[in-house]
There are 2 protein chains.
Amino acid sequence: MTEPTDFMPTVQALVQCYQAFEAYSAADIRALGLTPPQFDIVATLGNTPGMTATELGDKTLITKGTLTGVVDRLADRGWAERVAHGSDRRCQIVRLTKSGEALFAKVFPAHMAHLAACFSGASAAEHTRWQAALRSLEQAFRKGGA
Amino acid sequence: MTEPTDFMPTVQALVQCYQAFEAYSAADIRALGLTPPQFDIVATLGNTPGMTATELGDKTLITKGTLTGVVDRLADRGWAERVAHGSDRRCQIVRLTKSGEALFAKVFPAHMAHLAACFSGASAAEHTRWQAALRSLEQAFRKGGA
DNA sequence: TGACAATGGTTCTAACACGAACTAAATTTG
DNA sequence: CAAATTTAGTTCGTGTTAGAACCATTGTCA
């Protein structure tokens, strides 16, 4: 219980920074014809042989309940498919179809380029500073509850 | 088009930091019986005479279409109410009821204390560092599109 | 003043988010 | 081996989200 350092400006800065990123990124993704979670899944599955739904949920931080619906919609559009797991009949492997791989090859580089434009003026030192700050702040929230 | 400084670790650090905050914060808010947007609105309206829905949306970054529903649910539970604006019949003033003010007095300090716990070991210098990093990163996203 | 644009809110649709309940298929244990 | 527990996914209920269409009211301006 030290003196109450004024933490709200830090929290607000984090929220505003994230929302600026999210707005910038989501607008581009939607212009490419996907929703952000859909892009997230396509980007995760691209150039892989597929993975179980649980693994996919872990990597994308999408809850399993939500994942069912998102994969359903990707499957409806012919971009993803579910195939049986060889040894565990509880598992479903989710993977991109040919059409889904083609989509990935189109939208992933496009979105990366869109993001790269933000950082054209940033030095490696700046990235180091950003990452160090973000990781230490993240640590505060992770151990804060303990 | 300088060399492609590797920006993805920075973006990932931002997303992970924000999600750590969001998870930490939202769990507490839900335990207090509110959803995050509901808390946001109660916190914004607390200790004020109320404000128009547009103003409330601006402060909370909730779009007007969403705001209608969130305020509806707060009103259903007796925490908020809509009253007519004196001079502009298009406007509705949204404000907390007595019961809503009592809720605010209970949950707002509780949640602030919950957040403060994350920062018990943080110095003022650390906050300065975090805020500087977050604000410069935010700027990258804001002018990135231009 | 009378058309016309801008503003404030609500409604609608499609999609996502979370948690809880549920089914089926492993895995663990006694 | 059989019962109990865990794990994988789906389904369901409530709430949030963005954007577009819509209505009413105001403001502008020729």
Side-chain angles (χ1 to χ4, degrees), chain A residues 15 18-19 22-42 50-77 79-95, chain B residues 15 18-19 21-42 44 50-77 79-95:
Chain A
V15 170
Y18 179 79
Q19 280 172 341
E22 177 63 17
Y24 179 78
S25 172
D28 181 56
I29 288 173
R30 288 181 196 279
L32 293 169
L34 292 171
T35 65
Q38 286 168 2
F39 177 86
D40 205 358
I41 288 186
V42 169
M51 61 191 75
T52 65
T54 299
E55 200 178 345
L56 188 53
D58 287 344
K59 285 186 198 273
T60 58
L61 298 179
I62 295 176
T63 312
K64 60 182 184 175
T66 302
L67 194 59
T68 298
V70 179
V71 171
D72 280 351
R73 281 178 286 273
L74 288 175
D76 286 346
R77 299 184 190 189
W79 292 325
E81 61 189 348
R82 293 177 169 95
V83 298
H85 185 282
S87 57
D88 189 335
R89 273 189 294 174
R90 293 170 304 181
C91 294
Q92 306 254 340
I93 300 292
V94 182
R95 69 182 185 199
Chain B
V15 171
Y18 179 78
Q19 281 172 341
F21 160 71
E22 178 63 18
Y24 180 79
S25 172
D28 181 58
I29 288 173
R30 288 182 196 279
L32 292 168
L34 291 171
T35 66
Q38 286 168 2
F39 177 86
D40 205 358
I41 288 185
V42 169
T44 303
M51 61 191 74
T52 66
T54 299
E55 199 177 346
L56 188 53
D58 288 344
K59 284 185 199 275
T60 57
L61 298 179
I62 295 176
T63 50
K64 59 183 186 172
T66 301
L67 195 60
T68 298
V70 179
V71 171
D72 279 352
R73 281 178 284 273
L74 287 175
D76 285 347
R77 300 185 189 189
W79 291 326
E81 61 189 348
R82 293 175 168 96
V83 299
H85 185 283
S87 56
D88 190 336
R89 272 189 297 175
R90 292 169 304 182
C91 295
Q92 306 256 341
I93 300 292
V94 182
R95 69 181 183 200

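The figures that follow rest on heavy atoms only: side chains count, while hydrogens, waters and symmetry mates do not. The model shown is predicted, which means the values in this text are computed figures rather than measured ones. Order of the sequence lines fixes the chain letters, A, B, ..., with proteins taken first and strands second; residue numbering starts at 1 for each chain.
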With the threshold set at under 4.0 Å for non-hydrogen atoms, list the residues of residues 62-70 of chain B touching DNA chain D in residue-number order. T63(B), T66(B), V70(B)

Qualifying residues under salt bridge (Lys or Arg N to Asp or Glu O under 4.0 Å), relative to R30(A), sequence neighbours excluded: none

Run L74(B) and Q38(B) through side-chain contact (heavy atoms from CB on, under 4.5 Å) and show every step you take. CA-CA 7 Å; L74(B) 287 175; Q38(B) 286 168 2; 3.9 Å; yes

Mind checking what makes side-chain contact (heavy atoms from CB on, under 4.5 Å) contact with I93(A), not counting sequence neighbours? T52(A), V83(A), H85(A)

Quick check on DNA chain C: between R77(A) and R90(A), whose nearest nucleotide comes earlier from the 5' end? R77(A)

Please find the earliest and latest nucleotides of DNA chain C, in the 5' to 3' direction, that have an atom within less than 4.0 Å of any heavy atom of chain A. dA15(C) to dA26(C)

Looking at every non-hydrogen atom in both residues, tell me the closest pair between R95(B) and G50(B) and how far apart they are. CB-CA, 3.7 Å

Below 4.0 angstrom, which residues in residues 26-37 of chain B have at least one non-hydrogen atom near DNA chain D? T35(B), P37(B)

Nucleotide range of DNA chain D lying under 4.0 Å from chain B heavy atoms: dG15(D) to dT26(D)

Residue pair T68(B) / R82(B): nearest heavy atoms and the distance that separates them: O-NH2, 3.4 Å

Residues in side chain to side chain donor-acceptor pair (under 3.5 Å) contact with T63(B), at least two apart in sequence or another chain: T66(B)

T60(A): side chain to side chain donor-acceptor pair (under 3.5 Å) partners, not counting sequence neighbours: none

With sequence neighbours excluded, what pairs up with R90(A) under the side chain to side chain donor-acceptor pair (under 3.5 Å) test? D88(A)

side-chain contact (heavy atoms from CB on, under 4.5 Å) filter on K59(A), not counting sequence neighbours, yields T44(A), M51(A), E55(A)

Qualifying residue, where the test is side chain to side chain contact (heavy atoms under 4.5 Å, CB included) with W79(B) and the options are L34(B), V71(B), I41(B): L34(B)

Side chain to side chain donor-acceptor pair (under 3.5 Å) against D40(B), all qualifying residues, sequence neighbours excluded: none

Position toward the 5' end of DNA chain C (nearest nucleotide), D88(A) or D72(B): D72(B)

Under the salt bridge (Lys or Arg N to Asp or Glu O under 4.0 Å) rule, collect the residues that match up with D58(B), sequence neighbours excluded. none

Heavy-atom closest pair (P36(A) atom, I29(A) atom, distance to 0.1 Å) is N-CG2, 3.8 Å

